[in-house]
Amino acid sequence: TPFLLSQEQWNFGCNLMSTEENSWVLKTTEAPAPVPPPCRSPEQRLFTPNEAQHPPSEMEVQVEERCLEQVQTMVVGEVLKDVDTACKLLNIEPDPLGWNCVHVQKWLLWTEHLYRLPQVSVMFQELSGRDLCSMTEADFRQRSSQFGDILFAHLDIWRSAAAMKERCPPEDTADEDSWSDVMCNFPNQPIHLWQFLQELLLKPRNYSRCIRWLNKEKGIFKIEDSAHVARLWGIRKNRPAMNYDKLSRSIRQYYKKGIIRKPEVSRRLVYQFVNPVEWSARGE
DNA sequence: GACCGGAAGT
DNA sequence: AACTTCCGGT
């Protein structure tokens, strides 16, 4: 089946065009969840805006089509990138068909977080990715009458993304991401907390609302949203009960190891990497 | 709520 | 070993 834009992706594309915040995956710290109504016939929506009046000329049609094409390419690229990011964060592969129950739960946890849903993952326990993919929207609704459609739509995005990937695998966005690719793409390599924090700090576009550098050269950073960072860490380590109390305890374990410390003047939620030289060499 | 470290568990 | 969990105290 062809890759169709969902309402959500279309909205995202519009945001992108207006140079707004450009990550829909991690747009989480403000505003209530961007809960899109699942759109089963997106192509209609794509072509309806503003052509009600006079019939457009041939050239106008061509221009518009090319524009839409560009937007679509851009959106697809962003979706793939965001799926990638989520995969790294969750340590799962992009294709839902390959997921086991644990992977499914991680993905559900992530989706809950993304759309700010209440805990719905319990309704999907013991399901593999293959099970999930064989379910209809009605099946989803049966397990969660309120949010089944959202989960179904989000799974659809992932399946489409995986299909895209398979269709053109060698494309590979050979850009700035290669560093973290090398660091994280080996699946199931246990990640250290300090590495994880650096990963987040490396992507200010996505994470600056919850953690950011105060002084990158000195390695001083501030956790802006402790609960959010803890949640992300919990997702990555598959520790649903993770919170800032525990995360900060782990950070404090670094004090005696000389990996992280409190800066000279201790400030609330501010920490400092002890030897920041190694990674400050490269830009974001 | 953040911060701190001891102690025990995984 | 690298956390995670829990906690009593600042």
Side-chain angles (χ1 to χ4, degrees), chain A residues 26 28-33 85-93 99-114 116 118-122 125-126 179-204 206-216 218-280:
Chain A
L26 293 161
T28 53
T29 36
E30 276 121 44
T85 306
C87 283
K88 270 179 220 158
L89 201 67
L90 302 173
N91 225 337
I92 63 177
E93 55 170 303
W99 293 345
N100 63 26
C101 304
V102 176
H103 299 151
V104 168
Q105 287 298 309
K106 281 184 172 183
W107 178 81
L108 285 166
L109 219 64
W110 173 252
T111 308
E112 287 167 7
H113 163 245
L114 199 61
R116 305 198 148 190
Q119 272 224 349
V120 292
S121 51
V122 280
Q125 261 158 6
E126 323 236 309
W179 181 83
S180 51
D181 283 351
V182 172
M183 293 302 284
C184 326
N185 251 8
F186 304 107
N188 292 332
Q189 185 144 54
I191 188 177
H192 290 173
L193 177 56
W194 61 269
Q195 291 177 309
F196 179 77
L197 295 174
Q198 278 175 32
E199 256 183 50
L200 299 188
L201 287 162
L202 212 60
K203 302 187 186 242
N206 294 340
Y207 301 106
S208 62
R209 279 197 205 76
C210 60
I211 182 171
R212 65 187 179 86
W213 293 115
L214 289 187
N215 184 332
K216 193 173 177 182
K218 292 185 178 172
I220 300 174
F221 62 98
K222 172 164 188 183
I223 295 172
E224 300 281 2
D225 184 340
S226 58
H228 190 182
V229 173
R231 200 157 54 234
L232 293 173
W233 175 233
I235 290 171
R236 177 63 170 266
K237 288 290 292 290
N238 203 18
R239 290 279 168 182
M242 182 53 61
N243 56 29
Y244 182 67
D245 184 48
K246 289 183 271 198
L247 186 151
S248 63
R249 183 71 191 90
S250 292
I251 291 180
R252 290 197 294 277
Q253 301 280 30
Y254 285 146
Y255 291 175
K256 58 179 164 220
K257 293 186 190 171
I259 297 172
I260 290 177
R261 68 178 178 213
K262 269 302 204 183
E264 249 68 306
V265 277
S266 180
R267 273 186 289 164
R268 183 168 252 233
L269 294 169
V270 176
Y271 297 92
Q272 175 171 20
F273 287 101
V274 172
N275 41 10
V277 198
E278 300 141 40
W279 62 78
S280 63

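Side-chain rings of A/Phe273 and A/Trp194 stay apart, their centers remaining 6.0 Å or farther from each other.
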Self-check item: A/Arg209 and A/Glu224: CA distance, side-chain angles, deciding distance, salt bridge (charged side-chain N to carboxylate O under 4.0 Å, His left out) verdict
Solution: CA-CA 6 Å; A/Arg209 279 197 205 76; A/Glu224 300 281 2; over 6 Å; no

Quiz item: A/Leu108 and A/Gln105: side-chain contact (heavy atoms from CB on, under 4.5 Å), yes or no, with the steps?
Solution: CA-CA 5 Å; A/Leu108 285 166; A/Gln105 287 298 309; 3.8 Å; yes

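Think of the region where chain A sits on DNA chain C: with heavy atoms and a 4.0 Å cut, that region ends 5' and 3' at C/dA2 to C/dC7.
Contact annotation for A/Ser248: no contact, since no heavy-atom pair falls under 4.0 Å across all strands. No contact: A/Phe196 has no heavy atom under 4.0 Å from any strand. Within 4.0 Å (heavy atoms only), A/Leu193 reaches sugar-phosphate atoms of the nucleic acid but no base atom.
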Please produce a list of atom pairs where a protein N or O lies less than 3.5 Å from an N or O of nucleotides 5-9 of chain B.
{"unit_1": "B/dG5", "atom_1": "N7", "unit_2": "A/Arg249", "atom_2": "NE", "d": "3.2"}
{"unit_1": "B/dG5", "atom_1": "N7", "unit_2": "A/Arg252", "atom_2": "NE", "d": "2.9"}
{"unit_1": "B/dG5", "atom_1": "N7", "unit_2": "A/Arg252", "atom_2": "NH2", "d": "3.3"}
{"unit_1": "B/dG5", "atom_1": "O6", "unit_2": "A/Arg252", "atom_2": "NH2", "d": "2.6"}
{"unit_1": "B/dG6", "atom_1": "N7", "unit_2": "A/Arg249", "atom_2": "NH2", "d": "2.9"}
{"unit_1": "B/dG6", "atom_1": "O6", "unit_2": "A/Arg249", "atom_2": "NE", "d": "2.6"}

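Under the side chain to side chain contact (heavy atoms under 4.5 Å, CB included) criterion, A/Asn215 pairs with A/Glu217, A/Lys218, A/Ile220, not counting sequence neighbours.
As rounded to whole Å, 11 Å separates atom C1' of B/dC4 from atom NZ of A/Lys262.
Summarising the geometry of A/Leu90 relative to A/Arg236, their closest heavy-atom pair is N-CD, 4.2 Å, with the distance given to 0.1 Å.
Here the CD1 atom belonging to A/Ile259 is positioned 11.5 Å from the CD1 atom belonging to A/Ile251, to the nearest 0.5 angstrom.
Positionally, the nearest nucleotide of DNA chain C for A/Lys257 lies more toward the 5' end than for the other of A/Lys257 and A/Asn243.
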